[in-house]
Amino acid sequence: ANPVVSRLLPRNLAGVAYGLARIGFRQANPTMDQIARVATKRLHEFKPQELSNIVWAFAKSGIDAPELFAGVGREAEPRLAEFKPQE
């Protein structure tokens, strides 16, 4: 495991995942797996845009992350009023 990933801020976790998805990354790998694990434990720290970005990144990449998706759903539902239409 990369020790840097566990120290990243939520915006950076979402940003790295988003960036990898944008450049066409389409396979599971240790970095994305670690991002999913770290993010899932810290979803309460994520802003709505960051939740949206990390879910988009994993969905776009086709990487299976059921705990992450379920966690984002649980975290987002009570906060839906905080989300903007573009998120």
Side-chain angles (χ1 to χ4, degrees):
N2 186 332
V4 173
V5 172
S6 61
R7 294 193 312 263
L8 292 176
L9 297 171
R11 70 175 176 215
N12 302 121
L13 289 166
V16 170
Y18 187 90
L20 290 172
R22 292 275 303 175
I23 63 170
F25 214 80
R26 300 289 180 266
Q27 60 186 4
N29 66 78
T31 299
M32 289 294 274
D33 291 345
Q34 188 177 7
I35 288 171
R37 283 192 309 276
V38 170
T40 299
K41 294 176 188 171
R42 296 174 48 203
L43 290 172
H44 63 281
E45 300 174 27
F46 281 60
K47 295 177 182 174
Q49 182 70 52
E50 296 158 352
L51 291 171
S52 298
N53 286 351
I54 202 159
V55 166
W56 178 89
F58 276 83
K60 181 74 172 174
S61 296
I63 297 173
D64 190 31
E67 295 86 9
L68 175 66
F69 288 116
V72 169
R74 285 189 301 273
E75 185 63 34
E77 186 176 12
R79 297 171 52 190
L80 287 178
E82 297 175 36
F83 284 76
K84 296 181 178 111
Q86 66 271 23
E87 296 170 337

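Here the CD atom belonging to Q49 is positioned 8.0 Å from the NZ atom belonging to K84, to the nearest 0.5 angstrom. For the atom pair I54 CD1 and L51 CG, the distance stands at 8.5 Å (nearest 0.5 Å). Note that the CG atom of L20 and the NZ atom of K60 stand 14.0 Å from one another [nearest 0.5 Å]. Between the CD atom of E82 and the NZ atom of K47 there is a distance of 11.0 Å, given to the nearest 0.5 Å. Atom CD of Q34 sits about 6.0 Å away from atom OG of S6, to the nearest 0.5 Å.
What you find for L68 and A39 is that their closest heavy atoms are CD1-CB, 4.1 Å. When all heavy atoms of N53 and A14 are compared, the closest pair comes out as CB-CB, 4.2 Å. Residues M32 and S61 approach most closely at CE-OG, 4.3 Å, considering heavy atoms. Residue A57 comes nearest to A21 through the heavy atom pair O-CB, 3.5 Å, listed as atom of the first residue, atom of the second, then distance. Here the shortest heavy-atom pairing between A59 and F69 reads N-CZ, 3.8 Å. In terms of heavy atoms, N29 sits closest to T31 at OD1-N, 2.9 Å.
Under a cut-off of 6.0 angstrom, the local environment of CZ in R79 is crowded, with over 12 non-hydrogen atoms contributed by other residues, nucleotides or ligands.
Contact of the V16 side chain with the I35 side chain is registered, since non-hydrogen atoms from C-beta on lie closer than 4.5 Å.
Legend: residues meeting side chain to side chain contact (heavy atoms under 4.5 Å, CB included) with D64, ordered by chain and number and at least two apart, are P66. In this structure E45 satisfies the salt bridge (charged side-chain N to carboxylate O under 4.0 Å, His left out) test together with R42, sequence neighbours excluded.
Residue pairs meeting the ring-ring contact (aromatic ring centres under 6.0 Å, His included) criterion with at least one member in residues 26-57, sequence neighbours excluded, are Y18-W56.
Cluster annotation: V55 is not connected to L9 through the hydrophobic network of ILVMFWY side chains, with a link wherever side-chain heavy atoms come within less than 4.5 Å.
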